[in-house]
Number of protein chains: 2
Amino acid sequence: MTSDKPPTPSVWTRPHPKRTRPALNRERIVAEAVRLLDDEGLESLSMRTLAVRLGTAATSLYRHVTSKDELIELVVDELYGELDVPDPAAEWRAPLAGCARSLRAMILRHPWAASVLGQVGLAELGPNLAHQSARQLALFHAAGFPPGEAERAMDGLLAYVIGMGVSEAAYLSLLVRTGQTEHPRELRDGTFDYGLDRYLDGLQARLAAL
Amino acid sequence: MTSDKPPTPSVWTRPHPKRTRPALNRERIVAEAVRLLDDEGLESLSMRTLAVRLGTAATSLYRHVTSKDELIELVVDELYGELDVPDPAAEWRAPLAGCARSLRAMILRHPWAASVLGQVGLAELGPNLAHQSARQLALFHAAGFPPGEAERAMDGLLAYVIGMGVSEAAYLSLLVRTGQTEHPRELRDGTFDYGLDRYLDGLQARLAAL
DNA sequence: ATCCACTTGCGTACAGTGTTCGCATATGCG
DNA sequence: CGCATATGCGAACACTGTACGCAAGTGGAT
């Protein structure tokens with residue numbers, strides 16, 4: 001067993017022909033964290049379980065991420081990368097509604113996001129959040145809101161969508177916990193659209209009064 | 001040291017003259033938990049630290065509360081008990097705004113509530129939540145919303161306030177973490193009122209079209 | 001090739017968590 | 001008094017996030 005390495009190893013016996021592994025890096029860690037959260041939920045995310053999925057040890061993760069909190073911030077920014085904010089158009093209402101629905105869809109795709117948003121909020125605005133926020137703001141400017149007011153109109157819309165997502169995720173988890181029958185998705189979509197329409201109506205009235 | 005108890009102990013040497021303690025019960029536990037959360041924040045709440053404050057052992061709490069999650073649900077319902085929902089009046093707008101501001105004030109009084117709401121949501125509607133929800137719903141009925149629609153209008157308003165609270169709490173905790181200067185309260189109140197007015201305007205337009 | 005500075009993986013360990021179990025004590029009731 | 005039941009709690013378990021130090025790899029300068 002001592003130094004039995006072949007002098008000129010064939011391509012096949014060489015320990016790891018090309019690159020041994022995709023190598024551990026921040027992107028891989030964050031991506032796997034999102035997958036783990038989708039599969040198992042928020043309380044199942046621990047540095048150890050995540051490491052097992054990545055085929056490494058828990059402490060290895062700390063070479064690329066300084067803490068679990070930072071990991072969660074990175075995860076949140078990753079989520080914001082999933083949004084696709086529509087381009088501004090002649091009509092402002094449809095793009096804004098699309099923007100809101102895209103955010104809602106993201107939250108429903110990752111129900112644990114509601115809890116995480118409460119913990120970390122919009123976080124230390126990572127690159128994705130910064131980018132998407134700028135695109136969202138452009139929609140409000142295109143709609144005719146003056147520079148100082150567009151931010152407030154946008155904050156209100158985001159607050160509505162996030163609050164709806166938080167309430168809905170909590171309600172769904174309650175149903176799951178009590179094993180109750182599921183609330184039909186259509187009803188929940190209807191409730192969401194109702195409130196969205198009211199808020200957009202309010203924006204419309206405001207634009208008309210400008 | 002063996003059986004040296006006095007045969008007829010005086011009132012003063014008796015171990016605990018009257019009632020030894022206020023006795024541990026659910027109310028005292030929940031009340032102290034809220035106080036601990038206000039003082040030290042969400043991540044400082046552990047069964048052990050809470051027990052120390054109550055002068056008992058951690059495991060004693062489990063005689064009155066089945067788990068930490070249940071404790072948090074009880075805490076949330078306690079918070080809802082702090083709301084004071086206005087009575088219905090001839091004019092619907094002021095009571096609704098008061099209702100929203102009361103909820104917002106509660107969240108700002110207990111900034112950790114934003115994170116907790118994300119975890120437990122409106123929870124297994126405890127008595128306080130049930131009571132306040134009924135009062136809130138009455139405001140929408142008094143405003144003229146038909147039975148099926150009042151719930152949706154109410155859900156939208158609550159979602160807006162909760163989402164605003166979540167975003168704001170996260171933003172404030174970010175400022176604290178980075179040691180940055182504080183965002184003046186007036187500005188944040190202004191942003192809140194702006195969105196609130198837009199939503200209420202939307203409700204007004206809807207009522208006019210009924 | 002040889003050294004060196006530096007990065008990366010990871011085994012060990014520690015303090016702290018929620019929670020279970022079993023024992024001791026208190027309490028109410030016949 | 002005697003007994004059933006409720007309550008307090010010390011010990012222990014499985015698990016968490018993370019600091020530390022050692023080993024192995026990497027890339028450049030000599």
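All of these numbers come straight from a predicted model, not from anything done at the bench. The basis for the numbers below is simple: all heavy atoms, side chains too, and nothing from hydrogens, waters or symmetry mates. Chain A is the first sequence line, chain B the second, and so forth, proteins listed ahead of strands; every chain is numbered from 1.
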B/Arg63 CZ to C/dT19 C1': how many Å, rounded? 13 Å
For B/Arg185 and B/Leu108, work out which heavy atoms get closest and say how close. NH2-CD1, 3.5 Å
Rounded to the nearest Å, what distance is computed from the CG atom of residue A/Leu50 to the C1' atom of nucleotide D/dT16? 14 Å
Please state how far atom CG in B/Leu71 lies from atom P in C/dT17, giving the value in whole angstrom units. 14 Å
With a 4.5 Å cut-off on side-chain heavy atoms, are A/Asn128 and A/Glu82 touching? no
Heavy atoms only: give me the nearest A/Leu200-A/Trp92 pair and the separation to one decimal. O-CH2, 3.7 Å
For B/Tyr199 and B/Gly156, the nearest pair of non-hydrogen atoms, with its separation, is OH-CA, 3.3 Å
What is the nucleic acid contact for A/Leu45, judged by heavy atoms within less than 4.0 Å: base, sugar-phosphate only, or nothing? sugar-phosphate
Expressed in angstrom and rounded to an integer, what is the separation of A/Leu54 atom CG from C/dT8 atom P? 16 Å
Here the residues of residues 29-37 of chain A within 4.0 Å heavy-atom distance, strictly under, of DNA chain D are none
With the side chain defined as heavy atoms from C-beta on, B/Lys68 is closest, among C/dT19, D/dT18, C/dG9, to C/dT19
With a 4.0 Å cutoff (strictly under), does any side-chain N or O of B/His64 reach OP1 or OP2 of D/dG8? yes
For B/Arg26 and D/dG8, what is the distance between atoms CZ and P respectively, to the nearest whole Å? 14 Å
What's the closest nucleotide to the side chain of B/Tyr62 if the choices are C/dT19, C/dG9, C/dT12? C/dT19
By nearest atom, which of the nucleotides D/dC9, C/dT17, D/dA19 is closest to the B/Arg48 side chain? C/dT17
If you look at every strand shown and take non-hydrogen atoms under 4.0 Å, does B/Leu61 touch a base, only sugar-phosphate, or nothing? nothing
Would you mind telling me which residue lines up with the more 5' stretch of DNA chain D, A/Ala58 or B/Ser60, judged by nearest nucleotide? B/Ser60
Value in whole Å for how far the C1' atom of D/dG17 lies from CD1 of A/Ile72: 11 Å
NA contact type, A/Ser46, heavy-atom cut-off 4.0 Å: base, sugar-phosphate, or nothing? sugar-phosphate
What is the distance from CG of B/Asn25 to P of D/dA6, rounded to the nearest Å? 16 Å
Can B/Thr49 and B/Glu40 be said to form a side chain to side chain contact (heavy atoms under 4.5 Å, CB included), step by step? CA-CA 11 Å; B/Thr49 60; B/Glu40 318 247 13; over 6 Å; no
Tell me which one of A/Arg135, A/Gln136, A/Gln132 satisfies side-chain contact (heavy atoms from CB on, under 4.5 Å) with A/Cys99. A/Gln136
Side-chain heavy atoms of B/Arg101 within contact of B/Phe192, under 4.5 Å: yes
